[in-house]
2 protein chains.
Amino acid sequence: MDKDISQAVISRLPRYLRYLGELKDKNVERISSSELSVLMKVTASQIRQDLNNFGGFGQQGYGYNVDYLYSEISKILGLEHQYNFIIIGAGNLGKALGGYLNFEKRGFILKGMFDKNPDLIGTEVRDVKVMPMEELPAFIRSNDIDIAVLTIPKEGAVLVAKVLVENGIKAIWNFAHVDLDVPEYVQVENVHLSDSLMKLSYNISSYNENNKQ
Amino acid sequence: MDKDISQAVISRLPRYLRYLGELKDKNVERISSSELSVLMKVTASQIRQDLNNFGGFGQQGYGYNVDYLYSEISKILGLEHQYNFIIIGAGNLGKALGGYLNFEKRGFILKGMFDKNPDLIGTEVRDVKVMPMEELPAFIRSNDIDIAVLTIPKEGAVLVAKVLVENGIKAIWNFAHVDLDVPEYVQVENVHLSDSLMKLSYNISSYNENNKQ
DNA sequence: GTTTCATTGACAATAATTTAACACAAGTTG
DNA sequence: CAACTTGTGTTAAATTATTGTCAATGAAAC
């Protein structure tokens, strides 16, 4: 029954969490919105407003308790759950994501990897074997998989996404350079790397344009 | 002398380019904002407004010429330049980005890779050898490097960024999970993968919250 | 040519987001 | 324990982004 929180706010939460984590590591006990605003280079107002979307975590005259706020934001982001995930596409990108241990710390458990390339099948990332695509549907059904990570070229992505959805996947982290068309109940988070690179390219040119003499 | 274009607009340009590229491949000659709006699931108004930030590329009663619009957006994004880039961090992620051939098609030329791990030094990605970090400063200076891609853990990233900037790098594509503090003339584009994953996590939990019975 | 039709570019209206302002509860100090 | 300070939570204002509308204009039809 939460009222809708804008994606702009959601996008900022992980960054708050990151800074709070660093403060925790430094054994900082409390912090005010204005101190945090200096650290993070945002307005104190925005911090307060963002947090108040989810309830009051601070105390007048005291500020925010770092540990408490950290754990509340974790909860908001759903990081207290465990999620089982699989990776489709065992190329370098798939392997990089599969090998990234910090995901496990956050409760994202790699259960399987899949690829259509016979040379990759049987190879391992950590203790997880790469399986052939034929085994994908059965694997999803019998291993309680929550998230599928798509690290394959765009040509195959649309079809694979269809298979994923048919077999009950509810969330896709999509690195394929194509917009997936899935039912509304399936959550998709796109990471379009070349879009990001083009943005950088724009900012380089635009800076040069505005600063040439 | 361009007036400032908002990052929201810039972020949408690569997506326009992608759809226009697909239309080009299908030999579509012209398209109206309303046709494109259906394809892309945005409003026609937004398309026209976005494009008009940069000038009038269409024609009343005709629409937009696909080839022309494609090339104009390419120019806006600075994709008619060539950029030389290097990758710092030759792990799986670095190798994945280094091996991604589409970047080269867009004018991003991989000139070198660097890592501090002796086991990786000398290995190759395409025809580019991984070099030790000691050679980084001299290499940047003598090879006209525009962009550095940071695919190393956050611990080393801040220091490496400092070295990059000192040696003349003007743009950083940052995959390290930390905010870099660089002079304003250095363009930084962040790709924080775990932030993206947390956003997905939020959307899963939030969907479940709102739809449980 | 002239008329009709399609569709842009411009702008006004609306919506969303961010920043500022401030009342007041909670802490602190002498 | 009274006066003072801090800093949240909240409401209001400002800014920014998105959408809807329409006159102007060029393309197509005849």
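First the proteins, then the strands, lettered A, B, ... as listed; each starts at 1. Computation of the quantities below employed the complete heavy-atom set of this structure, encompassing side-chain atoms and omitting hydrogens, waters and symmetry-equivalent molecules.
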For this session: Would you please confirm or rule out a distance under 4.0 Å between OP1 or OP2 of dT8(D) and any side-chain N or O of S33(A)?
Result: yes

Exercise. For M40(A) and dT18(C), what is the distance between atoms CE and P respectively, to the nearest whole Å?
Worked result: 13 Å

Problem set entry | Nearest-Å distance for atom pair CD1/C1', residues I10(B) and dA17(D) | 14 Å

Exercise. Which nucleotide in the set dA21(C), dA10(C), dT25(D) lies at the smallest distance from any side-chain heavy atom of R48(A)?
Worked result: dA21(C)

Exercise. Taking 4.0 angstrom as the limit, do E22(A) and K26(A) come out as a salt bridge?
Worked result: no

In a table with atom names and distances, give each donor-acceptor pair under 3.5 Å that connects a side chain of residues 144-153 of chain A to protein atoms at least two apart or in another chain.
from, atom 1, to, atom 2, distance (Å)
D146(A), OD2, N84(A), N, 2.8
T151(A), OG1, I88(A), O, 3.1
T151(A), OG1, G89(A), O, 2.7

For this session: Check whether any side-chain nitrogen or oxygen of Q49(A) sits under 4.0 Å from OP1 or OP2 of dT17(C), and answer yes or no.
Result: no

For this session: Taking only the side-chain nitrogens and oxygens of Q46(B), find out if one of them lies under 4.0 Å from OP1 or OP2 of dT18(D).
Result: yes

Exercise. So, is N52(B) close to the dT8(C) phosphate, meaning a side-chain N or O under 4.0 Å from OP1 or OP2?
Worked result: no

Problem set entry | Qualifying ring pair (Phe, Tyr, Trp, His ring centres under 6.0 Å) pairs, either residue in residues 139-169 of chain A, two or more places apart | F114(A)-F139(A)

Problem set entry | d(CG, L51(A); P, dG7(D)) in whole Å | 15 Å

Exercise. dA26(C) P sits how many Å from F57(A) CZ, rounded?
Worked result: 18 Å

For this session: Note down the inter-axis angle between the two ends of the helix from dG1(C)-dC30(D) to dG30(C)-dC1(D), five pairs each, to the nearest 10°.
Result: 20°

For this session: Compare side-chain N and O positions of R12(B) against OP1 and OP2 of dT18(D) and report whether any pair is under 4.0 Å apart.
Result: yes

Exercise. Within 45° of the axis and under 6.0 Å from the centre of the six-membered ring of Y64(B), does NZ or CZ of R30(B) qualify?
Worked result: no

Problem set entry | Under 4.0 angstrom between S45(A) side-chain N/O and dA20(C) OP1 or OP2 | no

Seminar exercise, completed: Rounded to whole Å, CG of L36(A) lies from C1' of dG7(D) at a distance of 13 Å

For this session: Classify the side chain of R30(A) and the base of dT6(D) as holding, or not holding, a donor-acceptor pair under 3.5 Å.
Result: no

For this session: Classify the side chain of S6(B) and the base of dA17(D) as holding, or not holding, a donor-acceptor pair under 3.5 Å.
Result: no

For this session: Check whether any side-chain nitrogen or oxygen of Y64(B) sits under 4.0 Å from OP1 or OP2 of dG26(D), and answer yes or no.
Result: no

Exercise. For the atom pair CD (E35(B)) and OG (S32(B)), what is the distance rounded to the nearest 0.5 Å?
Worked result: 3.5 Å

Exercise. Less than 4.0 Å between a side-chain N and a carboxylate O, is that true for R15(B) and D50(B)?
Worked result: no

For this session: Could you pick out which residue, Y62(A) or D50(A), lies toward the 5' side of DNA chain C when each is mapped onto its nearest nucleotide?
Result: D50(A)

Problem set entry | Short side-chain donor-acceptor distance under 3.5 Å, Y100(A) and N92(B) | no

For this session: Identify whether any heavy atom of S32(A) sits under 4.0 Å from a base atom; if not, whether one sits that close to sugar-phosphate; answer base, sugar-phosphate or nothing.
Result: sugar-phosphate

Problem set entry | Between dT15(D) (P) and D4(B) (CG): distance, integer Å | 15 Å

Exercise. Rounded to whole angstrom units, what separation is found between the CD1 atom of I47(B) and the P atom of dG9(C)?
Worked result: 12 Å

